[in-house]
Amino acid sequence: MELDLDDPAPNADRALLAPASLASCELCPRRCRADRTADATGVCGAGSTLRLARAALHLWEEPPISGEEGSGTIFFSGCPLKCIYCQNHEISTGNFGIDVPEQRLAEIMLELQDQGALNINLVTATHFAHLLPGALKAARARGLHIPIVYNTSGYERTEAVRELDGIVDVWLTDFKYADASLGRELSHVPDYPEQAARALARMAAQVAARGGIVYNEDGIMQQGIIVRHLVLPGHADDSCRVLDLIWNAAGDVPISVMNQYTPNERMRSDGGALARAVTDEEYEMVLAHADDLGFSTVFWQEGGAVSESFTPAFDTTGVLRAADGPILPRA
């Protein structure tokens, strides 16, 4: 399937997402200015080539995203953050995946729609956001009609969020920390709360300007925002302050308070609070604070921390055309 990937440029100010911007990359708040056009890699681990780790239906997102049929998730390799507890570390810091041509991204979107996906869920696409205008134009021209979900760590430049207006239908964004020192310690970025709050405010404003949150007759979000927060063991007080920041930046938006933290091998080896699961008392403290603030839509999880089975296998499923046969990913 040949697809036209010319930049549709619906916004004359879409300079940050222009492919030429990769000569001095500033797509994420790190603004490391790596020359990715010359195959230098940024802090995120990405160079000039699109790298993907998995593309498949996923049933474990929030109900308005996954529904019964599943969300069409595309996992991008690399990440601007370096979270030491990341459950997806094979792809986020290990950069596992397969390099594919840019036009493959549009093809995958269409293949997921054919499999019954309720939406296209772009997981950690921040460092490849420059490919999205062209890929979406090509896929829409071939019949893509389901919403685009932007599944992000929340560490986004407001300029990038602005330029993604008209591309993203649903913002599925994390808000990880209220204390900048936690961001430095656990994710190796100096300014997480500031950047996340500014980006969230712009996301919420975009949704409001488009008429607010929209669901279809089956309760699947077609347009809108969900803000996720993963409660970390030993840091329930910071989680409560995160909810304060969300309320101040975006008001009464749907939030997803998660207790699924599962210590990875490094965290178990290091010991300390992050070597254990979140306690029921910690989780209930955060949920109670959400109620006190007045959030009207709160997604929450029953039981203790989930096992690694909730993390999909990063085995390059769906990345290549089936007719191409198996291929080993580049190390």
Side-chain angles (χ1 to χ4, degrees), residues 16-17 19 21-56 58 73-105 108-109 120-135 148-157 160-161 163-164 167-168 172-174 176 183 186-192 195-196 199 230 264 266 311-320 327-331:
L16 186 62
L17 298 190
S21 72
L22 264 65
S24 180
C25 187
E26 298 185 354
L27 280 172
C28 84
R30 287 187 183 273
R31 304 179 72 170
C32 69
R33 298 183 179 177
D35 184 359
R36 290 171 57 188
T37 64
D39 278 333
T41 56
V43 177
C44 61
S48 61
T49 306
L50 173 63
R51 178 175 284 196
L52 302 175
R54 180 180 174 86
H58 188 54
T73 50
I74 303 175
F75 287 88
F76 294 78
S77 302
C79 182
L81 295 183
K82 302 299 173 189
C83 301
I84 62 175
Y85 54 85
C86 182
Q87 293 180 21
N88 296 350
H89 57 86
E90 297 96 332
I91 64 172
S92 61
T93 55
N95 214 30
F96 173 85
I98 293 177
D99 292 341
V100 294
E102 293 175 12
Q103 76 166 22
R104 180 67 187 139
L105 181 57
I108 289 173
M109 293 180 184
I120 299 300
N121 188 343
L122 307 172
V123 184
T124 317
T126 302
H127 44 301
F128 290 112
H130 63 289
L131 300 179
L132 301 184
I148 301 297
V149 177
Y150 196 80
N151 190 331
T152 169
S153 70
Y155 194 61
E156 297 282 347
R157 291 187 62 189
V161 175
E163 293 187 21
L164 286 166
I167 295 172
V168 172
L172 184 58
T173 181
D174 289 353
K176 295 181 180 293
L186 302 181
S187 296
H188 298 109
V189 290
D191 54 355
Y192 182 90
Q195 296 290 351
L230 175 67
N264 60 25
R266 174 181 173 181
T311 301
F314 298 119
D315 54 6
T316 70
T317 294
V319 173
L320 298 174
I327 174 175
L328 292 176
R330 195 177 77 186

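Residues take their numbers from the sequence shown, with the count starting at 1. Computed from a prediction, not measured in an experiment: that's the story for all the values here.
V168 is linked by a side chain to side chain contact (heavy atoms under 4.5 Å, CB included) to Y150, L164, W171, counting only residues two or more places apart in sequence or in another chain. By the salt bridge (charged side-chain N to carboxylate O under 4.0 Å, His left out) test, D35 is found to be paired with no residue, residues two or more places apart in sequence or in another chain being considered. Here S48 pairs with D39 under the side chain to side chain donor-acceptor pair (under 3.5 Å) rule; sequence neighbours left out. For the salt bridge (charged side-chain N to carboxylate O under 4.0 Å, His left out) test, no residue two or more places apart in sequence or in another chain qualifies with R30. The salt bridge (charged side-chain N to carboxylate O under 4.0 Å, His left out) search around E90 returns none, not counting sequence neighbours.
Judged purely by atom type and a 3.5 angstrom limit, R36 uses its side chain to pair as donor or acceptor with the backbone of G47. With hydrogens and angles ignored, the 3.5 Å screen pairs no side-chain donor or acceptor of S21 with any backbone N or O of L17. With hydrogens and angles ignored, the 3.5 Å screen pairs no side-chain donor or acceptor of E26 with any backbone N or O of L16. Formation of a donor-acceptor pair under 3.5 Å by the N95 side chain with backbone atoms of R51 is not found in this model. Side-chain atoms of S187 do not come within 3.5 Å of backbone N or O of V189 as any donor-acceptor pair.
Across every non-hydrogen atom of C44 and P80, the tightest pair is CB-N, 3.9 Å. When all heavy atoms of A23 and T37 are compared, the closest pair comes out as N-CG2, 3.6 Å. Looking at every heavy atom in both residues, A55 comes nearest to I108 through CB-CG2, 3.5 Å. Here the closest heavy-atom approach between residue R54 and residue V319 is recorded as N-CG2, 3.6 Å. Taking each heavy atom of N264 and C86 in turn, the nearest pair found is ND2-O, 3.3 Å. The two residues Q195 and P29 come nearest to each other via the heavy atoms CD-CB, 3.7 Å.
The CD1 atom of I120 sits 5.5 Å away from the CD1 atom of I74 when rounded to the nearest 0.5 Å.
Aromatic ring orientation, F75 versus H58: perpendicular (interplanar angle above 60°, classes split at 30° and 60°).
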Side-chain donor-acceptor contacts of residues 121-134 below 3.5 Å, not counting sequence neighbours, with atom names and distances?
from, atom 1, to, atom 2, distance (Å)
N121, OD1, N151, ND2, 3.3
N121, ND2, E61, OE2, 2.8
N121, ND2, S71, OG, 3.2
T126, OG1, E156, OE2, 2.4
H127, NE2, S77, O, 2.7
H127, NE2, G78, O, 3.2

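Two residues are said to be in side-chain contact when any heavy atoms from C-beta on lie closer than 4.5 Å; L320 and I98 meet this criterion.
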Stepwise side chain to side chain contact (heavy atoms under 4.5 Å, CB included) test for E102 and T49:
CA-CA 8 Å; E102 293 175 12; T49 306; over 6 Å; no

